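The structure appears below as structure tokens.
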Amino acid sequence: MDDLLVLMQRFRVAYGSADKEGLLALTSDDFQWCQHVAQSTDELPAGRTLQGVDALLDELAWRKQHWQEVRYSDLAERAAGDDLLVQTFTISGLQDGKPFNARAVDLYPVKDGLITRKDTYWKYLK
């Protein structure tokens with residue numbers, strides 16, 4: 001389980017710095033990011049799914065342009081068995097000037113020592 005938490009820490013750092021090489025080293029070739037929102041009715045009810053590290057990086061670049069004053073708090077990370085990481089946190093900020101505040105849960109299945117998916121769930125707060 002300690003290996004999974006080290007993997008999560010390394011992923012969090014690579015994700016936070018948009019480090020393509022680091023993300024490629026930590027994720028499977030078929031990595032997906034299943035987001036908490038849909039951009040079209042075709043993506044309902046599961047949400048938008050991004051395929052691969054390049055799509056993840058595109059989303060991070062979009063967020064850098066559209067999100068301001070982003071704050072993360074109450075971060076907790078746990079290994080659930082030997083093939084799943086669970087991350088919980090609170091996120092708040094502005095998207096194009098409009099405030100958002102949510103409790104989030106990200107599930108990260110792991111296979112052969114690599115993260116295969118980032119499955120994101122948000123519960124919006126007042």
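Quantities reported herein were computed from a predicted structural model and do not represent experimental measurements.
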With a 4.5 Å cut-off on side-chain heavy atoms, are [Y] and [X] touching?
{"X": "Leu4", "Y": "Asp83", "result": "no"}
{"X": "Leu75", "Y": "Arg12", "result": "yes"}
{"X": "Leu57", "Y": "Leu23", "result": "yes"}
{"X": "Phe89", "Y": "Asp74", "result": "no"}

Pair up each side-chain donor or acceptor in residues 13-21 with any protein partner under 3.5 Å, not counting sequence neighbours, and list the distances.
residue: Ser17; atom: OG; partner: Val13; partner atom: O; Å: 2.9
residue: Asp19; atom: OD1; partner: Glu21; partner atom: N; Å: 3.3
residue: Asp19; atom: OD1; partner: Gly22; partner atom: N; Å: 3.0
residue: Lys20; atom: NZ; partner: Asp54; partner atom: OD1; Å: 2.8

Shortest non-hydrogen contact from Cys34 toward Thr49: SG-OG1, 3.9 Å
Taking every non-hydrogen atom, the tightest pair across Phe31 and Leu56: CE2-CD1, 3.6 Å
Are Leu114 and Leu7 in one and the same hydrophobic cluster, where Ile, Leu, Val, Met, Phe, Trp and Tyr link if side-chain heavy atoms are under 4.5 Å apart? no
Which residues share a salt bridge (charged side-chain N to carboxylate O under 4.0 Å, His left out) with Arg78, sequence neighbours left out: none
How would you list, by chain and number, every residue that makes a salt bridge (charged side-chain N to carboxylate O under 4.0 Å, His left out) with Arg103, sequence neighbours excluded? none
Applying side chain to side chain contact (heavy atoms under 4.5 Å, CB included), can you list everything that pairs with Asn101, at least two apart in sequence or on another chain? Thr90, Ser92, Leu125
Please list, chain by chain and in numerical order, all residues satisfying side chain to side chain contact (heavy atoms under 4.5 Å, CB included) with Leu94, sequence neighbours excluded. Gln68, Glu69, Pro99
CD-CD distance between Glu77 and Gln87, expressed to the nearest 0.5 angstrom: 4.5 Å
What is the distance from atom CD of Glu59 to atom CD of Gln35, rounded to the nearest 0.5 Å? 4.5 Å
Criterion side-chain contact (heavy atoms from CB on, under 4.5 Å) on Val110 and Asp82, from CA distance to verdict: CA-CA 8 Å; Val110 176; Asp82 59 1; over 6 Å; no
Please go through Val86's hydrophobic cluster and name the other residues, only I, L, V, M, F, W, Y counting, with side-chain heavy atoms under 4.5 Å joining them. Leu84, Val105, Leu107, Tyr121
Partners of [X] by side chain to side chain donor-acceptor pair (under 3.5 Å), sequence neighbours excluded?
{"X": "Asp29", "result": "none"}
{"X": "Thr116", "result": "none"}
{"X": "Asp30", "result": "Ser28"}
{"X": "Asp106", "result": "Tyr108, Lys118, Thr120"}

Qualifying residues under ring pair (Phe, Tyr, Trp, His ring centres under 6.0 Å), relative to Phe100, sequence neighbours excluded: Trp67, Trp122
